[in-house]
Novice: 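Below is the structure I would like to discuss, written out as structure tokens.
Residue numbers start from 1 in every chain, and the chains themselves are labelled A, B, ... in the order their sequence lines are given, proteins ahead of strands.
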Amino acid sequence: MEYKAINNNIELIQPDFDLDETLDCGQAFRWERLPSEYECTYSGFFLDRPLEISQDKGKFIFHNTSEKDFLNIWKDYFDLETDYGKIKGILSQDETLKKACEFAGGIRLLKQNSWECLCSFIISQNNNIPRIKGIIARLCDHYGHFPSAAEMAQETVDSLGYLRSGFRAKYLIDAAQKTASGEIELDKIKEMPIEEARKALMTVKGVGPKVAECVLLFGMHRAEAFPVDVWIKRVMAEYYPGGLPECAAGNEGIAQQYLFHYIRNMEK
DNA sequence: TTCCAGGCGTATC
DNA sequence: GATACGCATGGA
């Protein structure tokens, strides 16, 4: 990881990283693409810390960011110390995965907050990405930040009406109540053996296999989690009827991200 | 108008 | 344990 502090910014040179692919691929929903003098600029949040970040000719600019925040927060959030080039090299032993890596090789797994991720993927079910973003934006506007489990546990289906989240509101409230009461402990689930962690997450109403897997992958950084949605079902049926190849072992979730992006854009 | 969107709960067999 | 169906909302 090669970076410099210049004026109030951090400038980073980082291979295997692309902002469009990483921030607009359906793993996080609070990043917004801005008009920019650079190749691209996004503004968004991790927890409630704002960031504006730009990409230009292989260089990344973290605007108005101290070296301390960069090292303590953003380095981890963007998973900057994981060697994705090495992972792609291993995955590329498989022909289809090789193509997917070449197509969307700038995706990195964001290390998101588990509670926010749980809410986000409850909202995602039977929904589309623009509407998921809208619901989360209304939620954050309402509170002025992403609400804690304790805050959301006070809500009712009626009080959440402004979200227009439909049948998902009751699931958010159940997740909040179980988290706030300690009935589920996200920090402990994060460390559990994966089968046990899946079961614990699925005790929340509205959390099935797909949402649980997304929370494990995007909110708990479990790279072996493998969310299967309609798109990945298509990939599996077409290329991997017998399951993922051996080279994906331990990195199933990263492979999933490359494959998801690849198949979606191939069929457009 | 009808269909669909990074699914899940419930009923039924 | 497998399969069918309804579900809130809004854009195409």
Side-chain angles (χ1 to χ4, degrees), chain A residues 20-31 44 100 103-104 107-110 112-114 116-142 152 155-179 184 195 197-240 244 252-268:
Chain A
D20 285 323
E21 290 173 6
T22 298
L23 297 177
D24 202 21
C25 68
Q27 62 171 321
F29 303 99
R30 289 177 76 192
W31 292 96
F103 183 78
I107 297 180
R108 306 179 78 86
L109 271 185
L110 299 170
Q112 301 183 67
N113 172 260
S114 55
E116 182 175 326
C117 200
L118 174 59
C119 293
S120 299
F121 282 92
I122 284 173
I123 292 167
S124 80
Q125 70 173 77
N126 196 241
N127 214 341
N128 57 57
I129 290 176
R131 225 173 75 80
I132 297 164
K133 285 185 172 176
I135 292 167
I136 294 171
R138 287 191 285 279
L139 182 65
C140 294
D141 283 349
H142 179 82
M152 207 184 302
E155 302 286 357
T156 64
V157 169
D158 284 338
S159 75
L160 289 180
Y162 70 92
L163 288 180
R164 305 198 295 283
S165 62
F167 60 88
R168 306 166 190 84
K170 56 183 180 290
Y171 301 152
L172 290 173
I173 292 167
D174 189 61
Q177 290 177 345
K178 284 194 168 82
T179 304
I184 62 167
E195 274 304 331
R198 286 179 177 126
K199 279 185 194 163
L201 287 169
M202 285 168 58
T203 61
V204 176
K205 283 184 197 143
V207 177
K210 162 65 168 56
V211 171
E213 218 64 7
C214 284
V215 174
L216 282 162
L217 182 60
F218 303 129
M220 299 182 171
H221 206 67
R222 298 288 292 260
E224 76 272 39
F226 189 68
V228 177
D229 64 0
V230 289
W231 294 96
I232 294 296
K233 269 182 196 156
R234 223 167 286 173
V235 172
M236 296 308 285
E238 190 170 343
Y239 298 103
Y240 305 115
L244 282 178
E252 290 87 347
I254 296 173
Q256 193 268 12
Q257 283 296 278
Y258 296 137
L259 289 169
F260 179 76
H261 203 74
Y262 179 62
I263 194 78
R264 271 181 53 122
N265 287 283
M266 284 301 97
E267 297 197 3
K268 265 181 193 169

Novice: Expressed as a whole number of angstroms, how long is the span from A:Phe29:CZ to B:dG6:P?
Specialist: 9 Å
Novice: Just checking A:Glu213: base, sugar-phosphate only, or nothing, at a heavy-atom cut-off of under 4.0 Å?
Specialist: nothing
Novice: Classify the ring geometry of A:Phe103 against A:Tyr262: parallel below 30°, tilted from 30° to 60°, perpendicular beyond 60°.
Specialist: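 A:Phe103 and A:Tyr262: perpendicular rings.
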Novice: Quick one: A:Gln112 CD to B:dG6 P, roughly how many Å, whole number?
Specialist: 17 Å
Novice: Along nucleotides 7-12 of chain C, 5' to 3', which nucleotides get a B, which get an S, and which get a -, given that the test is a protein heavy-atom distance under 4.0 Å?
Specialist: SBBS--
Novice: Between A:Ser159 (side chain) and A:Glu155 (backbone), is there a donor-acceptor pair under 3.5 Å?
Specialist: no
Novice: Any base atoms under 4.0 Å from A:Phe121, or only sugar-phosphate, or nothing? Heavy atoms, all strands.
Specialist: nothing
Novice: Would you mind writing out the side-chain donor-acceptor pairs for residues 117-124 of chain A within the sub-3.5 Å range, not counting sequence neighbours?
Specialist:
unit_1: A:Ser120; atom_1: OG; unit_2: A:Glu116; atom_2: O; d: 2.8
unit_1: A:Ser124; atom_1: OG; unit_2: A:Phe121; atom_2: O; d: 2.8

Novice: What interatomic distance, in whole Å, is found between P of C:dC5 and the corresponding atom of B:dG6?
Specialist: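 Per the computed distance, 23 Å lies between those P atoms.
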Novice: Please list each protein N or O that sits under 3.5 Å from an N or O in nucleotides 9-13 of chain B, with the distance.
Specialist:
unit_1: B:dG9; atom_1: OP1; unit_2: A:Gly206; atom_2: N; d: 2.9

Novice: Between C:dA8 and B:dT10, how many Å separate the two P atoms, rounded to a whole number?
Specialist: 13 Å
Novice: Taking CG from A:Leu201 and P from B:dG7, how many angstroms apart are they, rounded to a whole number?
Specialist: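 In whole Å, B:dG7 P and A:Leu201 CG are 17 Å from each other.
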Novice: Across the strands shown, which category fits A:Val211 at heavy-atom distances under 4.0 angstrom: base, sugar-phosphate, nothing?
Specialist: sugar-phosphate
Novice: Quick one: does any side-chain atom of A:Arg168 pair with a main-chain N or O of A:Gln125 as donor and acceptor, under 3.5 Å?
Specialist: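 At least one qualifying donor-acceptor pair exists.
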Novice: More than 12 heavy atoms of other residues, nucleotides or ligands under 6.0 Å from NZ of A:Lys170: yes or no?
Specialist: yes
Novice: Take atom OH of A:Tyr258 and atom P of B:dG6, then tell me their distance rounded to the nearest Å.
Specialist: 21 Å
Novice: Could you go step by step and tell me if A:Phe218 and A:Leu109 meet the side-chain contact (heavy atoms from CB on, under 4.5 Å) rule?
Specialist: CA-CA 7 Å; A:Phe218 303 129; A:Leu109 271 185; 3.9 Å; yes
Novice: Between A:Arg138 and A:Leu163, is there a donor-acceptor pair closer than 3.5 Å when you use the side chain of the first and the backbone of the second?
Specialist: yes
Novice: So, are A:Lys210 and A:Glu213 salt-bridged, with charged N and O less than 4.0 Å apart?
Specialist: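 Salt bridge flag = no for A:Glu213 with A:Lys210.
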Novice: Can you tell me the distance, in whole Å, between the CD1 atom of A:Ile129 and the C1' atom of B:dG7?
Specialist: 14 Å
Novice: Looking only at heavy atoms, what is the nearest atom pair of A:Ala212 and A:Val207, with distance?
Specialist: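 Reported closest heavy-atom pair: N-CG1, 3.8 Å.
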